[in-house]
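Here's the structure we're looking at; comments come further down.
Just so you know, these numbers come straight off a predicted model, no measurement behind them.
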2 protein chains.
Amino acid sequence: MEKQQYLTKNQQIVLDLVEKSSEPLKAYSILFNVQKKGLKAPLQVYRALDKLVEIGKIHKIESRNAFVACKNSNCVVSNATAFSICESCEKVTEINNSKLSKYLANFQDNSGMKYSKYNLEFFGLCKKCKNK
Amino acid sequence: MEKQQYLTKNQQIVLDLVEKSSEPLKAYSILFNVQKKGLKAPLQVYRALDKLVEIGKIHKIESRNAFVACKNSNCVVSNATAFSICESCEKVTEINNSKLSKYLANFQDNSGMKYSKYNLEFFGLCKKCKNK
DNA sequence: AACAGTATGTAATAATATAACATTCGAATG
DNA sequence: CATTCGAATGTTATATTATTACATACTGTT
Ligand SMILES: [Zn+2]
Ligand SMILES: [Zn+2]
Ligand SMILES: [Zn+2]
Ligand SMILES: [Zn+2]
């Protein structure tokens, strides 16, 4: 059984916002949006984000410095993430493909390094933008 | 035949520095190091970096906001990059594995999106750090 | 109650990156 | 050679992203 994670007030406020959003949110946009809820300083947001990323409730899109809620049943495997990113409209989708995740989780090369985590970002044009 | 890329003075200065480095370099560390060569402002460095990334001479390690020289014969496929990153010593290695790149270049899901580019970052402990 | 670990609040500052605009360079053309 | 045009440069200012430092408060355990 997975350990239940109780979120603190700040963490819950930030998570709610990120989950409601249809697009990746940037830290300072989050800050702006939660100021009416009492989170006044960047650090309060960053600390909540750090924790939420750590427990897999949200992910950071590294190439965009933005955050999205996890769409894979709270990513039991938050250490194995893959996203598709439209370079035109910036739509981001979390990829949930068991073949891909199996392939990457088992990937080994001759470096002698044991990988415990990965993050993959695909770029291209989404259906909509392709047909413009 | 591939189009020859002539680098400008600023681009060459930045590239030389990144190629000499055994570790990923951050933009402002690059700036500091090339100031004696006349590049005084952040933008001069960022512009050179942008161009070098565009033509595949260097890559950006997104999770670290740092830059490394390409190790794959100037990445004919600079739009298909994979790295291993040691979370202890921060050593970064560009992965050159044709099976992996073939697998990812051909990856498709049911989103209808055609991927033209990807970046993959593996995390773990390098040989050295594992044995400590 | 004492303690340890985690979370919070707050201010200041560091680190990363871009906007705006004037100027210069360099290849291509006529 | 003179003109043109796109790319690159120089410079200043500013925007955006993220962390340091330190004091305080909350939570569960002994
Ligand atoms: Zn997820
Ligand atoms: Zn799109
Ligand atoms: Zn490369
Ligand atoms: Zn290491």
Inset, instruction - Starting at atom CG of B:Leu52, determine the distance to atom P of D:dT9, rounded to an integer number of angstrom. - result: 10 Å
Inset, instruction - Find the distance A:Tyr6:OH to C:dA7:P and express it as a whole number of Å. - result: 15 Å
Inset, instruction - Output yes when at least one side-chain N/O atom of A:Lys40 is less than 4.0 Å from OP1 or OP2 of C:dG9, else no. - result: no
Legend entry - Shared-cluster residues of B:Leu104, by chain and number - hydrophobic side chains joined below 4.5 Å: A:Ile95, A:Leu100, A:Tyr103, A:Leu104, A:Phe107, A:Met113, A:Tyr115, A:Tyr118, A:Leu120, A:Phe122, B:Ile95, B:Leu100, B:Tyr103, B:Phe107, B:Met113, B:Tyr115, B:Tyr118, B:Leu120, B:Phe122
Inset, instruction - Quick one: list whatever passes salt bridge (Lys or Arg N to Asp or Glu O under 4.0 Å) with B:Glu23, sequence neighbours left out. - result: none
Legend entry - Distance, rounded to the nearest Å, where B:Ile30 contributes CD1 and C:dT16 contributes C1': 12 Å
Inset, instruction - Output every pair passing salt bridge (charged side-chain N to carboxylate O under 4.0 Å, His left out) with a member in residues 98-112 of chain B, not counting sequence neighbours, ordered by first then second residue. - result: none
Inset, instruction - Using five pairs at either end of the helix from C:dA1-D:dT30 to C:dG30-D:dC1, determine the angle between the two local helix axes and round it to 10 degrees. - result: 30°
Legend entry - B:Leu49 CG to D:dA8 P, straight-line distance once rounded to whole Å: 14 Å
Legend entry - Residues that A:Lys9 engages under side-chain contact (heavy atoms from CB on, under 4.5 Å), provided they are two or more places apart: A:Ile13
Inset, instruction - Identify, with sequence neighbours excluded, every residue that meets salt bridge (Lys or Arg N to Asp or Glu O under 4.0 Å) alongside A:Lys117. - result: B:Glu87
Legend entry - Between C1' of C:dT6 and CG of A:Leu7, the distance in whole Å: 14 Å
Legend entry - Between C:dA11 (C1') and A:Leu39 (CG): distance, integer Å: 16 Å
Where do N or O atoms of nucleotides 3-5 of chain C meet protein N or O atoms at under 3.5 Å, pair by pair?
none

Inset, instruction - To the nearest 0.5 angstrom, please state how far the CD1 atom of A:Ile58 sits from the CG atom of A:Asp50. - result: 8.5 Å
Inset, instruction - Using only heavy-atom distances, determine whether the side chains of A:Asn72 and A:Glu94 contain a donor-acceptor pair under 3.5 Å. - result: yes
Inset, instruction - Find the distance A:Leu31:CG to C:dG9:P and express it as a whole number of Å. - result: 13 Å
Inset, instruction - Please check the phosphate of C:dC25 (OP1 and OP2 only) for any side-chain N or O of B:Thr8 closer than 4.0 Å. - result: no
Inset, instruction - Check ring pair (Phe, Tyr, Trp, His ring centres under 6.0 Å) between A:Phe123 and all other residues, then give those that pass, not counting sequence neighbours. - result: none
Legend entry - side chain to side chain donor-acceptor pair (under 3.5 Å) partners for A:Ser63, two or more places apart: A:Glu121
Inset, instruction - Report the residues that fulfil side-chain contact (heavy atoms from CB on, under 4.5 Å) with A:Gln108, sequence neighbours left out, ordered by chain and then residue number. - result: A:Lys114
Can I get a per-line list of side-chain donor-acceptor pairs under 3.5 Å for residues 24-42 of chain A, giving both atom names and the distance, sequence neighbours left out?
from, atom 1, to, atom 2, distance (Å)
A:Lys26, NZ, A:Arg64, O, 3.1
A:Asn33, ND2, A:Ser29, O, 2.8

Inset, instruction - Classify every nucleotide of nucleotides 12-26 of chain D by which part a protein heavy atom approaches to under 4.0 Å, writing B for the base, S for the sugar-phosphate alone and - for neither, in 5'-to-3' order. - result: B----BBBBB-----
Legend entry - Residue-phosphate contact under 4.0 Å: A:Gln44 side-chain N/O, C:dG9 OP1/OP2: yes
Inset, instruction - Measure the distance from CD on B:Gln35 to P on D:dT11 and round it to the nearest whole Å. - result: 12 Å
